[in-house]
Structures are given as structure tokens and as C-alpha cells.
Number of protein chains: 2
Amino acid sequence: MTPFNSSLGHFLAKVLRRSLLSEEECQAILSLPARVEHVEARRDFVRLGDRNPHSCLIVDGLAGRFGQGQEGNRQISALHIPGDMVDLHSTVLPQARSALQALTPTTILKIPHAALRESAARYPAIAEAFWRECVVDAAVVSEWVVNIGGRNAGMRTAHLICEMAYRYRLGAICDQFVFAFPATQLHLADALGLTSVHVNRMLRTLDAQGFAKIRRGIVEVMDWNGLSEFAEFDPAYLELDIARRIALPPLCVTAKVLVEHDQG
Amino acid sequence: MTPFNSSLGHFLAKVLRRSLLSEEECQAILSLPARVEHVEARRDFVRLGDRNPHSCLIVDGLAGRFGQGQEGNRQISALHIPGDMVDLHSTVLPQARSALQALTPTTILKIPHAALRESAARYPAIAEAFWRECVVDAAVVSEWVVNIGGRNAGMRTAHLICEMAYRYRLGAICDQFVFAFPATQLHLADALGLTSVHVNRMLRTLDAQGFAKIRRGIVEVMDWNGLSEFAEFDPAYLELDIARRIALPPLCVTAKVLVEHDQG
DNA sequence: CGATGGCTTGAGAGGCTTCAATGCCGGTGG
DNA sequence: CCACCGGCATTGAAGCCTCTCAAGCCATCG
């Protein structure tokens, strides 16, 4: 199994939490053609206005979506972690309305729109799954509006930490844990609509309250209950367990396929 | 032609600016089954967590999407005007993650998911068009993040006015014009992440600068160039003219159908 | 060892909120 | 027809949250 397919497996794993696919449909996703590319930190791999013939899947690293705005005061409107298809929407809307930048050295997989469209056309369930992925992404952005518009700096920061924890760990949360999240305080500031100075102060507060701390790209959650309550965090919007809630045919058939390819 | 279809025509008009559909596909949309419903001001017609079997199209009035948050400090994450299918995403993600509330007395059209899914299944172009509508909605929300997180109160307010002007007039903008936008200053405050007191001051400033004023739900733009430059407004994200830019087969065939039904 | 990038901390300024009071307008009931 | 009432707009004053500016620190790396 090539490394391509194991990355696609990571993507498929997320998709399968939200959509039920047959073994054949899973195979179709796993065998999508793709080209690996490495992007150094601070470089845009999608620029505003670009019309690329492919979507990008994050294999490794961290990427930010920068909304159309002035150069000064850059605002990040989404953060993308490994397994995220950052660009899936470009399949139906090719012209990029926001830039995508690697925040750390990042590996991406470029998947041709033609191939995505082909598998969507051939398997309606895949088309629906892709559509649903876009809808979930939108729900996350929508929650960012609530977060930035409706909460103060401390809660905002805590909420973002909660979201990233939940996404990195695919919902597997206990009271204390650690995870890698290589964003700088400047990145956090751009994502939260704050200054890096103030983000710093909020992080020190969260640490002092015993909730969580960040050191060199490693987040250490010391009190998940306290943190998530303080942030008013409700993970429902991340929709990481819909397939189970929709509960049509059982997930095990497709899960088998997934495991094979993850270990490959 | 029933009033149902003329409302669907308004929706179709927006869709056709972004997607190219055959005459038959337009017909399929126009003949979607639907039920009219009137919602009084301040009432939720979709509550958090609801699993409705239909999507809602705004026929008349104004609706707001309220993100999941505490009751105090309500944050609006989207505003929806006549012709908007506020709920299209619920076709693939039935459980509502945000409440929808009528801000003024509002008329909606409830369109069964079953019918939407059926037409999407039968006409792949319709599935793609629906998917694209969701993606455009997401782009708008994304721009709200940039607006709220990255601009100060004055620019924020101006930017929202620009966006609503552009959406109400479907991009047909001249230097001076008037349009109805029945949001109160409290609604604007909830949408902008400000207090109504401060929104009021910003509106008075915009008026004093000769840009625009709002009186009793009527926006009067006195200097579009000044206003949109002040707000750093770039309408590209609203994607109101993609079909023309994509420019595959000409639009005239479908446009004819549309006009017939709009006048019906 | 200097250069670089990120983190930390302080002091002062200012943008926005909070609290509070008044005015305006349309709707309603006597 | 008029008085009252409720929701919204407007304005002022005080205070806090966050920004700005600035400096110093620490780790990493060539």
C-alpha cells in the first residue's frame, strides 16, 4: 500500500463517522489518484483567486484558511489538521475565495477535481458524503462566528483549544491528556481576532486556573471538564459521530476496509 | 401558476447565477412540492437539535441563524432574506446545530427533504447545484469571521450593510439607492458581535460621513463607493455571477423558463 | 556567537461596553 | 380622538477589556 492510500484512509476515517458507505465506495475513495507535495511553513499553497484543478488533503502539518482581507490584520477563518480535505468545496466552486497557507512545514495530497467528480457521479453516496463534509465544515465556521462574536478573549481561547483537542482526538476525550498542536500564539491570535500579546495573557490565565497549558506546540489539558465548561464548549457541531446516530446499516463492514488500509 | 412556484422561481433565479441547469432541471426545481407557513416575529421555526423532514425557503421577511450559545449574548451567524434556502444543508445533515428565528413576520416554504433528495438523485446537475449553494453559504459565513474578527466596529457595520445591499439587489448596484432591510439595531448588534448602543453610534457615524443611513427598516445608500471602500467590501465571495464566469453553454435557455414562472 | 523567531511582561491609551435615562413612533383601547 | 404603552432609537458618563508600543527573555540554529 502506498503512503498515498494511507493518507486517504485517514480522510476516509473521518468521512465514515458522518456517512455510511459500502465497501466498494470506500475502495473508490481509497483509490483516488493523488500527488504528494511538501509545503514549507508560511507558504500559500492556494492563493486568492486561484483556479486549481485539484483539492488538497492535509497529510501532515497544519494549515490555515485566510479570508479575503487586507494584508495587515490577517484573519484566519479555519484551521486544518491532518485528514482534513481543506479544499473539498473547490470541487464545485473552483475559484478560491480564501488563501490556504501552511502554518508549519506541511505535507499535502493534491487530488484532481476530475477524479473527485467522477467518483461522486458514479456513486451518489459519495457525492452526498462530500456534500455533507462541506456542510460540516460550514458548521465549524459558523461556530467560529459565535465564538469570536459572542465570547470574551478568555472563553474564545479556551473554546479553540477544546475544538482542536476534540478534532485531533476524534472525540476520544478523557479528563487529562496531551496532544500536539503546532500553532504559534500569533496564529491563535489571527484565528481568534485578538493580538498575540493578549492571547499570551489568556493562555497564562488558563494555565493559572489549572485548565490547560501550551508549551512548544504541545497542548496539555489538565482539567477537561473545567476547560470545556469555562469555554461553553459543546462538541455537537463537530459532528464526529453522526453515522452512529443516523444508525442505518452497521458500520463494521466499512470499518474493516479502513483498518486494512490504515495499517498498510 | 401557484404562489409556491413563483417563490421557488426566486430561489431558482439565485441558483441559476451560480449553476447552469437545463430547462428540464429548472422545471424539476420549480415543481418541488412545498407548504407555505407564516411565522410571527421572534419565533423559532427551527429549534436547536430539531430533526425536521424539510428544508425552509424564505419567501418574505427576514430570518436569523442563531448559533449554539448561551441565551444571554445571542449571536447571529447568518441573516437570510427572501429567496434564500436557509436550511438546504439539513438535506444531508438533518439535525439542526443552530436555531432559525424569524426576525420580522416571515413567510416560509417548507420543502420535504425527500423531494429535494429525489430531484438531486435524478438530476446530478441539481445535486451539484445544491451542493454549490451550501458552499456559497459557507463562504459567506467565512467572510463573517473575517469581518467580526478582523475589522473594527465601524467597518464591520458598513461591511454588513454592503453585503445585504448586494444580496438584496442581486449585485445590481449604483452609487445611490434604497432598499428595505427590516433588521433592528439589536439584530445588527447580535450579528456583528457588538452592543446595540455601539451599533447605533456607528450608524450615526456612517450617516454623518455621508455613506448611508437606516431609518425604519429602509437603508439609504448615499455613497456606495465611499461606503464599500470604507468597509473594504469585495463582493466576490457572494458569488452572484459565477454561471457567467464559468460560461459553458449560454444561460438564455434556462433564463426563459425562469421569467415565465416569475411572471406566473 | 550572533541572528532569528517566538514568548513574556509592563504601562498607557482607546475602543467598546455597561448602566441609565430620555425620546420617538406606531398600535391599542377607552 | 386621545391617552397610554411597548419596542426601538438615541445620548451621556464611567469603566473595563483589549490594543498598542516597547522592551527583555529564551530557545534554536547556522
Side-chain angles (χ1 to χ4, degrees), chain A residues 40-43 62 64 70 72-76 101-105 147-158 160-161 180-208 212-220 230, chain B residues 40-43 62 64 70 72-76 101-105 147-158 160-161 180-208 212-220 230:
Chain A
E40 56 191 315
R42 235 177 270 236
R43 239 197 63 218
L62 183 68
Q70 306 299 79
N73 208 3
R74 289 172 63 95
Q75 175 70 38
I76 296 180
Q101 183 178 112
L103 303 184
T104 66
N147 195 34
I148 297 177
R151 292 190 255 256
N152 62 29
M155 293 168 69
R156 250 186 258 187
T157 310
L160 182 60
I161 292 175
F181 175 41
T184 68
Q185 294 184 359
L186 206 96
H187 295 145
L188 296 180
D190 287 343
L192 293 168
L194 299 168
T195 58
S196 64
V197 173
H198 206 61
V199 166
N200 180 288
R201 290 197 236 268
M202 293 303 103
L203 288 176
R204 318 229 85 252
T205 305
L206 291 178
D207 185 356
K213 63 176 75 165
I214 308 186
R215 289 265 280 258
R216 242 158 288 181
I218 306 291
V219 179
E220 180 188 348
F230 175 71
Chain B
E40 54 190 316
R42 230 178 272 236
R43 237 198 63 218
L62 183 68
Q70 307 298 78
N73 208 4
R74 288 173 61 95
Q75 175 69 39
I76 296 179
Q101 181 176 114
L103 303 183
T104 65
N147 195 35
I148 298 178
R151 292 190 256 258
N152 63 27
M155 293 169 69
R156 250 186 259 190
T157 311
L160 182 60
I161 293 175
F181 175 42
T184 67
Q185 293 183 1
L186 205 96
H187 296 145
L188 296 179
D190 287 343
L192 293 168
L194 300 168
T195 58
S196 64
V197 173
H198 206 61
V199 166
N200 180 288
R201 290 196 235 268
M202 293 303 103
L203 288 176
R204 319 230 84 253
T205 305
L206 291 178
D207 184 357
K213 64 176 75 165
I214 308 185
R215 290 266 278 259
R216 240 155 292 178
I218 307 292
V219 179
E220 180 187 347
F230 175 71

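A note on names: the letters A, B, ... follow the listed sequences, proteins ahead of strands, and every chain is numbered from 1.
Proximity of B/Q101 to B/L103: side-chain heavy atoms (C-beta onward) are separated by under 4.5 Å at one or more points. Between B/L188 and B/I214, some side-chain heavy-atom pair lies under the 4.5 Å cut-off. Residues B/F181 and B/I161 form no side-chain contact, since every pair of their non-hydrogen atoms from C-beta on lies 4.5 Å or further apart.
B/L203 comes within 4.0 angstrom of no nucleic acid atom, judged by non-hydrogen atoms across all strands. In this structure, A/G193 reaches the sugar-phosphate backbone alone: every heavy-atom distance under 4.0 Å involves primed, P, OP1 or OP2 atoms, never a base.
Atom P of nucleotide C/dG26 and atom CD1 of B/I218 are separated by 13 Å, given to the nearest angstrom. Rounded to an integer number of Å, the gap from CG of A/D207 to P of C/dT9 is 10 Å. Between the CG atom of A/L192 and the P atom of D/dT18 there is a distance of 11 Å, rounded to whole Å. If you measure from atom CZ of B/R156 to atom C1' of C/dC16, you get 9 Å, rounded to the nearest angstrom. A straight line from CG of B/N200 to P of C/dA21 spans 18 Å, rounded to a whole angstrom. Atom CG of A/L103 is separated from atom C1' of C/dG5 by 15 Å (rounded to the nearest Å). Between the CZ atom of B/R215 and the P atom of C/dC24 there is a distance of 12 Å, given to the nearest Å. We find that CG of B/D190 is positioned 11 Å from P of D/dC8, with the value rounded to whole Å.
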- prompt: Hey, mind stepping through B/N147 and B/L192 against side-chain contact (heavy atoms from CB on, under 4.5 Å) and telling me if it holds?
  reply: CA-CA 8 Å; B/N147 195 35; B/L192 293 168; 4.1 Å; yes

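Picking from C/dG26, D/dA9, C/dT18 the nucleotide with the shortest atom distance to the side chain of B/T184 gives D/dA9. You'll find that the side chain of A/N152 is closest to D/dT18, out of D/dT18, C/dC25, C/dC16.
Residue B/R42 places at least one side-chain N or O closer than 4.0 Å to OP1 or OP2 of D/dC8. Between A/R204 and C/dT8, a side-chain N or O to OP1/OP2 separation shorter than 4.0 Å is present. Contact between the side-chain N/O atoms of A/R201 and the OP1/OP2 oxygens of C/dC7 is not found at any separation under 4.0 Å.
Within the 3.5 Å criterion, the main-chain N or O of A/R151 finds a donor-acceptor partner in the side chain of A/R156.
Each of B/Q185 and A/T195 has a nearest nucleotide on DNA chain D; the 5'-most of these lies closest to B/Q185. Heavy-atom nearest nucleotides on DNA chain D were determined for A/A153 and for A/R216, and the one closer to the 5' end corresponds to A/A153.
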